[in-house]
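Shown next, in structure tokens, is the structure this report addresses.
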Amino acid sequence: MTVIDFRTYPVQTEEFFERSPEARAAVRDVFGFYCATQPLTTLIHQLDEAGVDQTVLSTLDCTSAHGTVIARNESIAELVEQGNGRLLGFASVDPSAADAAERLRTAVEQLGLVGLNLDPALQSFSFADDAVLDLFAAADELQIPVTVQMGLNWAPIARTGASRPTDLEEIVQRHPELDVVIAHCAWPWVDEALAMAIKYRNILLDTAVLWGGRPESSVRRVFAEQIGTDVVEASLRDQIVFASDYPRVDPKRVARGIRMLELRPLTEQRILGGNAERIMNRKGNR
């Protein structure tokens, strides 16, 4: 079984800043991450410690909202090349840009990135905007998954209430084959995210939930107590993906939290990697 961490960010990686020193301000002031840098090998070591085979490196293009990009898509592609098969790359584009869809096509077809990462709170967009609707249509055409950040947002300038899971309803109705991952289970709107996942089979939830205390406790609170492991087993075994949001959270502790749920082996395997592998293989991306 391949274990895949569906979302990490390169905002602590020395090799990234060596090539993009201008990104330090964006990482600090927009993304809200302040820790010292470390070599890419440290991330690989963290993956080894967590028993993770591959991880997705993500970024955010906040050009319209804040005049900056956390990491250029080209930078993500360069890091993937240095990862010896351990790293996969998700693009981000400015959703408000008129050519957002074309930029996504370039990132996928020319840079080899295999998904799209969006954050309405940091990118300040509406799902009803024409450019945004075109962007989701392009993702569907390219047969790539889309992750949408929702719920509690640790970036200081982001507004947690900027989007809710039901805001996605028109998009997933228009594109029933497009896999859309609601990050963080949209906590504190877990019930709303659950309702969307139950109704729409192309909605998935991820495990990067942390608002205080231990990651293991947050995972248990959401998946065992709020959603219920019986619901996970019966209705969501194909619609949850393991994600840590590293470096904000240690992937080892999130993976441990999933294993502590004591799900059936097949369900655990799908959450830890099988579901991610499936949605990124819609047209043989990997």
*Answer yes or no: is there a side-chain heavy-atom contact under 4.5 Å between T106 and N73?*
no
_Would the distance check show the side chain of R278 and the main-chain N or O of D238 forming a donor-acceptor pair, the cut-off being under 3.5 Å?_
yes
*asked:* Whether the side chain of D53 engages the backbone of V3 through a donor-acceptor N/O pair (distance < 3.5 Å, no angle test) should be reported.
replied: yes
_Distance check, rounded to the nearest 0.5 Å: N275 atom CG versus D206 atom CG?_
12.0 Å
*R270 side chain reached by I240 side chain, heavy atoms, under 4.5 Å*: no
*Calculate, to the nearest 0.5 Å, the distance between atoms CG and OG1 belonging to L261 and T267 respectively.*
10.5 Å
_Test side chain to side chain contact (heavy atoms under 4.5 Å, CB included) applied to D134 and D129, step by step_ = CA-CA 9 Å; D134 289 344; D129 293 344; over 6 Å; no
*Measure across P165 and M196 and return the closest heavy-atom pair with its distance rounded to 0.1 Å.*
O-CE, 3.5 Å
*Taking the side chain as every heavy atom from C-beta outward, state whether D48 and R86 have any atom pair closer than 4.5 Å.*
yes
*Test: R19 and E15 ion pair at under 4.0 Å*: no
*Exam field: side chain T55 to backbone L87, donor-acceptor pair closer than 3.5 Å*: no
*Take R256 and D250, measure what salt bridge (Lys or Arg N to Asp or Glu O under 4.0 Å) needs, and give me the verdict at the end.*
CA-CA 10 Å; R256 181 189 300 145; D250 183 349; over 6 Å; no
*Give the cluster check for L266 versus M1: same hydrophobic cluster or not, with ILVMFWY residues linked at side-chain heavy-atom distances below 4.5 Å.*
no
*Between H184 (side chain) and L152 (backbone), is there a donor-acceptor pair under 3.5 Å?*
no
_Can you classify the ring geometry of F127 versus F136 as parallel (below 30°), tilted (30 to 60°) or perpendicular (above 60°)?_
tilted
*Would a hydrophobic clustering, with Ile, Leu, Val, Met, Phe, Trp and Tyr connected at side-chain separations under 4.5 Å, put L142 with V93?*
yes
*Distance-only, no hydrogens or angles: does the N202 side chain make a donor-acceptor pair with backbone N or O of L178 under 3.5 Å?*
yes
*asked:* For residues 8-28, which residue pairs pass the ring-ring contact (aromatic ring centres under 6.0 Å, His included) check, not counting sequence neighbours?
replied: Y9-F31
*To the nearest 0.5 Å, how far apart are OG1 in T160 and CH2 in W189?*
6.5 Å
*Could you state whether V69 and F90 fall into the same hydrophobic cluster, counting links through intermediate Ile, Leu, Val, Met, Phe, Trp or Tyr residues with side-chain heavy atoms under 4.5 angstrom apart?*
no
*Ignoring hydrogens and geometry, is there a side-chain-to-backbone donor-acceptor pair from Q12 to A36 under 3.5 Å?*
yes
*Does F33 reach the side chain of W154, with side-chain heavy atoms less than 4.5 Å apart?*
no
*Just by distance, do the side chain of Q239 and the backbone of I203 share a donor-acceptor pair under 3.5 Å?*
yes
*Does the E49 side chain pair with the main chain of K252, one donor and one acceptor, at a distance under 3.5 Å?*
no
*4.5 Å side-chain heavy-atom contact, I271 and V232*: yes
_Reported CG-to-CZ distance for the pair L135 and R103, which is rounded to 0.5 angstrom_ = 11.0 Å
*asked:* Is it the case that the side chains of S92 and Q123 hold a donor-acceptor pair, with the cut-off being a distance below 3.5 Å and no angle test?
replied: yes
*Say whether M260 and I258 are linked into one hydrophobic cluster, either directly or through other cluster members, by side-chain heavy-atom distances under 4.5 angstrom.*
no
*Distance-only, no hydrogens or angles: does the D99 side chain make a donor-acceptor pair with backbone N or O of E102 under 3.5 Å?*
no
*What's the shortest heavy-atom distance between A91 and T59, and which atoms?*
C-CG2, 4.3 Å
*State whether the side chain of E14 and the backbone N or O of L40 hold a donor-acceptor pair below 3.5 Å, judged by distance alone.*
no
*So, do P39 and T42 sit near enough that their side-chain heavy atoms are less than 4.5 Å apart?*
yes
*Interatomic distance, T8 atom OG1 to L47 atom CG [nearest 0.5 angstrom]*: 7.5 Å
*CG/L57 to CD/E78 distance, rounded to the nearest 0.5 angstrom?*
12.0 Å
_Less than 4.5 Å apart, side chain to side chain, heavy atoms only: is that true for V80 and L88?_
no
_If you count heavy atoms of other groups shown closer than 6.0 angstrom to CZ of R159, is the number above 12?_
no
*Under 4.5 Å between any side-chain heavy atoms of I4 and F242, yes or no?*
no
_Exceeds 12 heavy-atom contacts within 6.0 angstrom, atom CZ of R214_ = yes
_Ignoring hydrogens, what is the shortest heavy-atom contact between A137 and H175? Give both atom names and the distance._
CA-CE1, 3.6 Å
